[in-house]
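Each remark here refers to the structure printed beneath this line.
Given the structure is predicted, the values throughout are model-derived calculations rather than measurements.
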Amino acid sequence: MNIYAAIILATLLSSYVLNIITDILNLKALRKDLPDEFQDVYDSEKYRKSQEYTRTKTKFGFITGTFGLIVTLAFWFSGGFNYLDQIVRNWQLHPIWTGLIYIGILVLLKTIISLPFSVYSTFVIEEKYGFNKTTPATFILDLIKGLFLGLILGGPLLAGVLAFFYYAGDLAWVYCWIATVIFILIVQYVAPNWIMPLFNKFTPLEEGELRSAIEDYAKSVKFPLKGIFVMDGSKRSTKSNAFFTGFGKNKRIALFDTLIENNSVSELVSVLAHEIGHYKKKHNLKSMIISILHMGIMFYLLSIFLTHQGLFDAFYMDHTSIYAGLIFFGMLYTPIEMILSIFLNIFSRKNEYEADRFAAETIEDPGSMVKALKNLSADNLSNLTPHPVYVFLNYSHPPVLQRIKAINEVA
Ligand SMILES: [Zn+2]
C-alpha cells in the first residue's frame, strides 16, 4: 500500500473511531435530572423526550457512519473509481465533459445511496418526535431542486476549475481561487432573491408591535435594516431559527414562523440583537476572509498533488486525470480539514459569546435573551448537557447552559 492510500485509509478509520468514542462520551454525559435553569420551559416528560431524541440521533448517526465507511471502502478497494473512469472514457468526449460526467455520476451515486437514510431521518425519526411537517411531495421537490441547483451552479464552476487546470499552466490554482471567490460572492449576493425562494416563502413582516420593536432596536444600535421577513419554516419542521442572508446592501433578516409563534416580542428582539451582534463585531466578514484564505491554500496544495502518480495508484487508476485527481485530493485533504474545523469551531463559539454579549448589553432586558435561548432549546429538544470533548470537536455554538451563564455575568 502506498503512502497516499495509507494516509487516506488511516484518516477514514480514525475519524470513524473518534466519532464513536465521542458519541459514547456524549451519551454518558446525559444527566437524569433537569438542570435548575430549565424548570420553567421543560417538564420531566419533555426533558426525557429530549434525551431520548439525542440517543436516537446518535444511534442513527452510528448506522449511517458505518454504512458510509463500508460503501466507501468497498468502492475504493474493488477498483470502482477506475471502473467508472473506463466507462466514461469510452464515450470519447472532451476531457472537460468526461470530468463533469465522472464527478456528476459520483455525486448522483452518493445522493442515491444516502437517500434511504434521509427518508428515514425525516419521516421516521423527526416524525416520531413531532418535528416533521415535510410532505413526501415537498421532500421529492427539494431533492429535485437541490440536484438541479447543483447542476446549474456547481457544473459551470467545476468546468471552470477543470479548464484552468487543463489549459492555464502553473498559475491555474490562482485562477481557480479567484474564480471560486467571485462565484461564491455572486451566489451569496443573489441567494436571498433567486435561490432561497425556491425552497421557502419569504413574506415581509407585517406592521405591528413586533415590527416596530425590531425597527426601534435596529435604530438604537444604528444598524441599517433593509428587510425583515417571515420564513415558512413550518413547511418542513416545527424546529425554529432566525438568520441573516445576503451582504452589503442586500442584507435581510429572516425569522422562522415557528420562532415567532413560540416567543414574545422582547424575546424575538433579543434573537435579532444577537444576529445584529454578529454583524457589528464583523464576524461574517472575518469568517469570509478566513474561508477565502483557506480556499487559496487548498487550491495551491491541490495543484501540487494533482499530478502525483502515487495518488492515482492508491485508487488503482489506469489513467491519471485532473477530474479524478480532484476527488482523490479531496480525500487526501480530509485530515487537514478535520483539524481546521476544530479551530473554526473554536472561533465560531467565541463569536457566539461575543454576539450574545452584544445583545445582552444593548437590549432592555437581558433576561429575555436567556428566555429566548431556553425556548429555542426546548423547541428543538437540544441536548442540554453535551460532553465537553464532543463540544470541543463538533459544536459551532457553545452549549446553551454556558451561554446563559455568560449572559447572566454581563447583565
Ligand atoms: Zn450566533
Side-chain angles (χ1 to χ4, degrees), residues 1-20 64-114 154 157-170 172-173 176-177 180 294-342:
M1 180 177 281
N2 77 23
I3 180 78
Y4 295 104
I7 293 174
I8 294 169
L9 185 63
T11 307
L12 285 172
L13 295 178
S14 58
S15 79
Y16 176 73
V17 172
L18 184 69
N19 274 335
I20 291 179
T64 334
T66 307
F67 183 78
L69 180 68
I70 292 171
V71 170
T72 307
L73 294 182
F75 190 75
W76 174 4
F77 289 109
S78 67
F81 289 104
N82 188 47
Y83 181 69
L84 179 63
D85 192 35
Q86 284 176 340
I87 295 175
V88 182
R89 270 174 193 274
N90 261 338
W91 300 340
Q92 302 195 339
L93 304 166
H94 186 279
I96 290 178
W97 276 113
T98 308
L100 285 172
I101 293 170
Y102 184 78
I103 293 176
I105 290 176
L106 285 176
V107 171
L108 204 60
L109 279 177
K110 198 171 181 226
T111 309
I112 293 168
I113 288 170
S114 60
L157 180 66
L158 180 60
V161 168
L162 292 172
F164 282 132
F165 277 111
Y166 273 108
Y167 302 117
D170 286 345
W173 70 274
C176 284
W177 185 19
T180 310
H294 173 220
M295 242 181 291
I297 295 169
M298 207 180 60
F299 276 122
Y300 175 69
L301 291 174
L302 172 67
S303 73
I304 292 176
F305 287 101
L306 205 49
T307 48
H308 276 210
Q309 182 63 40
L311 193 56
F312 294 87
D313 293 340
F315 288 90
Y316 313 111
M317 299 298 281
D318 290 337
H319 304 273
T320 61
S321 62
I322 301 211
Y323 53 85
L326 284 181
I327 303 275
F328 303 150
F329 174 77
M331 293 172 82
L332 186 66
Y333 191 70
T334 335
I336 300 178
E337 212 163 25
M338 275 164 62
I339 294 165
L340 215 65
S341 87
I342 294 175

Do other residues, nucleotides or ligands put more than 12 heavy atoms under 6.0 Å from [X] [atom1]?
X    : atom1 : answer
N90  : CG    : yes
Y300 : OH    : no
Y83  : OH    : no

To the nearest 0.5 Å, tell me how far [X] [atom1] sits from [Y] [atom2].
X    : Y    : atom1 : atom2 : value
D313 : T320 : CG    : OG1   : 10.0 Å
L108 : I113 : CG    : CD1   : 10.0 Å
N2   : I7   : CG    : CD1   : 9.0 Å
L158 : L326 : CG    : CG    : 6.5 Å
D85  : L106 : CG    : CG    : 9.5 Å
W97  : Y323 : CH2   : OH    : 14.5 Å

Looking at [X] and [Y], what are the two nearest heavy atoms and their distance?
X    : Y    : answer
L100 : A159 : CD2-N, 3.8 Å
A5   : W76  : O-CH2, 3.6 Å
T180 : M295 : CG2-SD, 3.5 Å
R89  : S321 : NH2-CB, 3.5 Å
F312 : L306 : CE1-O, 3.2 Å
Y316 : F77  : OH-CD2, 3.1 Å

Is the shortest side-chain heavy-atom distance between [X] and [Y] below 4.5 Å?
X    : Y    : result
F165 : S303 : yes
M331 : T72  : yes
Y16  : L12  : no
V161 : F164 : no
T98  : W91  : no
I342 : M338 : no
F305 : Y4   : yes
F329 : M298 : yes

Under the side-chain contact (heavy atoms from CB on, under 4.5 Å) test against L109, which residue among T111, I105, V107 passes?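 Answer after filtering T111, I105, V107: I105.
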
Are the aromatic rings of F81 and F328 close, with centres under 6.0 Å apart? yes

With a 3.5 Å distance limit and no angle check, can you tell me whether H308 reaches the backbone of G310 through a side-chain donor-acceptor pair?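 No.
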
